[in-house]
Amino acid sequence: MDEESWEIEQAVHKLEAKLQQTVFQFYLHAGPAESHAKALRICRDTLYNRLHTAHIRIMEILQDCD
């Protein structure tokens with residue numbers, strides 16, 4: 001499990017800055033989506049769009065490592 005977590009963390013660090021910030025805000029801070037969006041100065045829909053994009057890019061990065 002630790003190796004998988006490490007690989008995911010490495011993939012997150014390969015994301016562009018705005019996607020990294022979104023992932024860190026959403027997963028490392030408690031609170032509802034609205035508070036995450038406010039902290040990032042974006043709307044809730046943009047938050048979810050960025051998370052979706054980040055998830056896809058992380059999956060692609062992990063698949064490229066195989």
Is there a path of hydrophobic side-chain contacts, each under 4.5 Å between heavy atoms of I, L, V, M, F, W or Y residues, that connects W6 with M59?
no
Indicate the atoms forming the closest heavy-atom contact of A11 with I58, along with that distance.
CB-CG2, 4.0 Å
Search all heavy atoms of L62 against all heavy atoms of E7 and return the closest pair with its distance.
CD2-O, 3.7 Å
Which pairs count as ring pair (Phe, Tyr, Trp, His ring centres under 6.0 Å) when at least one residue sits in residues 23-42, sequence neighbours excluded?
H13-F24, F26-H36
Measure the spacing between CD1 of I8 and CD of Q10 and express it to the nearest 0.5 Å.
11.5 Å
For the residue pair A30 and S35, what are the closest heavy atoms and their distance?
O-OG, 4.4 Å
So, taking the atom named SG in C43 and the one named NZ in K38, what distance separates them when rounded to the nearest 0.5 Å?
14.5 Å
Is any side-chain heavy atom of I42 closer than 4.5 Å to one of R50?
yes
Would you give the length of the straight line joining atom NE2 of H55 to atom CG of L19, rounded to the nearest 0.5 angstrom?
10.5 Å
Partners meeting side chain to side chain contact (heavy atoms under 4.5 Å, CB included) with E60 (sequence neighbours left out):
I56, R57
Return the minimal non-hydrogen interatomic distance between T22 and L47, and the atom names on each side.
CG2-CD1, 3.6 Å
Could you grab the distance from atom CD of Q25 to atom CG of L40, nearest 0.5 Å is fine?
5.0 Å
